[in-house]
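Please read the structure below before turning to the comments.
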Amino acid sequence: MATPAPLVPVTTPDDDAEITVSAGELREMRDGLQRFLMEYRFGLQEIETKIGILRDEFLLTHDYNPIEHVSSRVKSPDSLVEKVQRKGIDPDFGSIRRSITDIAGIRITCSFVADVYRLFDLLTEQDDVRVIKVKDYIAAPKENGYKSLHAIIEVPVFLSTGRIEVPVEVQFRTIAMDFWASLEHKIYYKYATRVPDELLESLKDAAETAAELDERMERLHGEIRGRSVGDLASGSPVIRGRETEAPSGDGQGVPRALTRGAERPVAPTDAAPSAAGPV
């Protein structure tokens with residue numbers, strides 16, 4: 001007769017009551033979570049490859065690199081569990097997959113605002129990329145001064161079991177925006193989100209100064225490199241000031257984020273106090 005697997009006491013966060021889980025069940029839970037996060041890691045690698053190709057092609061063909069640096073991450077198990085609990089999401093992989101779209105995230109820091117929009121166009125116009133949602137905090141900054149272009153996109157990943165679509169959050173920022181956001185994140189962390197009003201005002205002033213610096217440096221860049229390079233990097237600001245989502249249904253239609261027609265800017269509705277946390 002086989003020896004039963006040892007049982008491990010686990011404390012639940014709500015009432016500190018202990019439940020008993022076998023070591024085999026714990027291993028199964030661990031393996032399931034690893035497989036779940038693996039899909040997002042592969043999706044992230046697909047986006048990193050696409051960005052790397054664009055960067056290398058720009059350098060070789062145009063002698064110009066619109067990308068300063070790239071950072072990426074897949075949420076840790078602890079971070080994912082904390083978000084599931086905070087948002088009240090059912091703790092099963094199907095519910096998590098439907099409800100949380102930033103498990104995989106990549107931040108692309110560009111030289112200039114024009115580069116941000118140009119890279120967004122080049123990435124999202126690829127025929128295997130589907131835009132789910134776009135929030136343009138550059139044209140319509142958050143109240144605290146935060147600026148960045150956020151997009152949730154889906155890319156295909158081909159596993160031994162077949163093709164799956166993986167959502168990845170992509171953030172585009174300029175160097176000045178990234179510096180400001182990093183400082184803002186440290187301040188919110190230090191004060192546990194309860195930042196004094198005078199510091200909030202200073203942060204907002206700094207955001208405006210960063211925006212002015214972006215404009216000045218982009219203008220200088222255009223004068224130094226000439227209009228041909230400036231035009232090449234400018235792209236078309238197709239989503240400025242708008243929060244958009246892909247249409248429902250079969251998803252084959254062109255998302256409103258990629259339509260060309262001018263629209264009055266609408267401020268995004270995400271009101272989180274600090275948006276500068278790690279991607």
Side-chain angles (χ1 to χ4, degrees), residues 5 7-48 72-107 124 128-135 137 148-171 193 243-253 255-257 268-279:
L7 301 180
V8 180
V10 177
T11 302
T12 63
D14 294 331
D15 54 10
D16 292 331
E18 285 191 352
I19 60 175
T20 302
V21 181
S22 72
E25 288 173 322
L26 281 176
R27 282 194 295 270
E28 186 177 347
M29 291 165 58
R30 177 203 63 195
D31 293 345
L33 182 57
Q34 287 179 343
R35 285 193 298 271
F36 179 74
L37 293 177
M38 175 188 68
E39 298 174 3
Y40 289 90
R41 190 170 71 251
F42 292 158
L44 198 54
Q45 290 172 358
E46 290 285 341
I47 299 298
E48 288 172 327
S72 62
R73 65 97 182 97
V74 174
K75 277 188 183 295
S76 68
D78 286 347
S79 177
L80 183 58
V81 168
E82 186 276 331
K83 188 162 189 176
V84 167
Q85 292 176 331
R86 175 163 47 86
K87 290 186 168 290
I89 298 167
D90 291 336
D92 62 86
F93 292 140
S95 297
I96 295 170
R97 195 186 305 276
R98 289 188 297 271
S99 303
I100 302 179
T101 55
D102 64 344
I103 295 173
I106 183 168
R107 180 179 299 145
T124 58
D128 61 343
V129 172
R130 178 172 177 260
V131 178
I132 303 299
K133 188 178 228 180
V134 178
K135 293 180 182 179
Y137 295 115
S148 185
L149 175 60
H150 293 201
I152 305 294
I153 63 177
E154 268 187 355
V155 289
V157 170
F158 295 88
L159 304 174
S160 60
T161 52
R163 168 174 171 157
I164 59 171
E165 302 293 334
V166 179
V168 177
E169 182 188 58
V170 186
Q171 293 183 7
T193 73
E243 178 176 351
T244 60
E245 293 190 37
S248 58
D250 60 8
Q252 298 304 309
R256 289 185 293 136
T269 57
D270 186 357
S274 172
V279 166

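Keep in mind it's a predicted model, so treat the numbers as computed, not measured.
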Taking ring pair (Phe, Tyr, Trp, His ring centres under 6.0 Å) as the test, write out the residues that go with Phe36, two or more places apart. Tyr40, Phe93
Below 4.5 Å, heavy atoms only, C-beta onward: do [X] and [Y] meet side chain to side chain?
{"X": "Val170", "Y": "Thr124", "result": "no"}
{"X": "Ile153", "Y": "Ile132", "result": "no"}
{"X": "Leu33", "Y": "Leu80", "result": "yes"}
{"X": "Val134", "Y": "Leu149", "result": "yes"}

Nearest 0.5 Å, what's the [atom1]-[atom2] distance between [X] and [Y]?
{"X": "Gln171", "Y": "His150", "atom1": "CD", "atom2": "NE2", "value": "3.5 Å"}
{"X": "Ile152", "Y": "Thr101", "atom1": "CD1", "atom2": "OG1", "value": "3.5 Å"}
{"X": "Arg73", "Y": "Ile103", "atom1": "CZ", "atom2": "CD1", "value": "9.0 Å"}

Salt bridge (Lys or Arg N to Asp or Glu O under 4.0 Å) partners of [range], not counting sequence neighbours, each pair once:
{"range": "residues 36-47", "answer": "Glu39-Arg97"}
{"range": "residues 79-89", "answer": "Glu82-Arg86, Lys83-Asp102"}
{"range": "residues 148-162", "answer": "Arg130-Glu154"}

Please name all residues satisfying side chain to side chain donor-acceptor pair (under 3.5 Å) with Ser95, sequence neighbours left out, ordered by chain then number. Asp92, Arg98
Results of side chain to side chain donor-acceptor pair (under 3.5 Å) for Gln34 - residues two or more places apart only: none
How far apart are the C-alpha atoms of Ser72 and Glu48, what are their side-chain angles, what is the distance that settles it, and do they pass the side chain to side chain donor-acceptor pair (under 3.5 Å) test? CA-CA 8 Å; Ser72 62; Glu48 288 172 327; 2.5 Å; yes
By side-chain contact (heavy atoms from CB on, under 4.5 Å) - contacts of Asp78 (at least two apart): Ser76
State, to 0.1 Å, how close Leu37 and Pro77 come at their nearest heavy-atom pair, and which atoms those are. CD1-CG, 4.0 Å
Heavy atoms only: give me the nearest Ser99-Ile89 pair and the separation to one decimal. CB-CD1, 3.6 Å
Which side-chain N or O atoms in residues 158-168 pair as donor and acceptor under 3.5 Å with protein atoms at least two apart or in another chain?
from: Arg163; atom 1: NE; to: Glu165; atom 2: OE2; distance (Å): 2.6
from: Arg163; atom 1: NH2; to: Glu165; atom 2: OE2; distance (Å): 2.7

Residue set satisfying salt bridge (charged side-chain N to carboxylate O under 4.0 Å, His left out) with Asp128, at least two apart, ordered chain then number -> Lys50
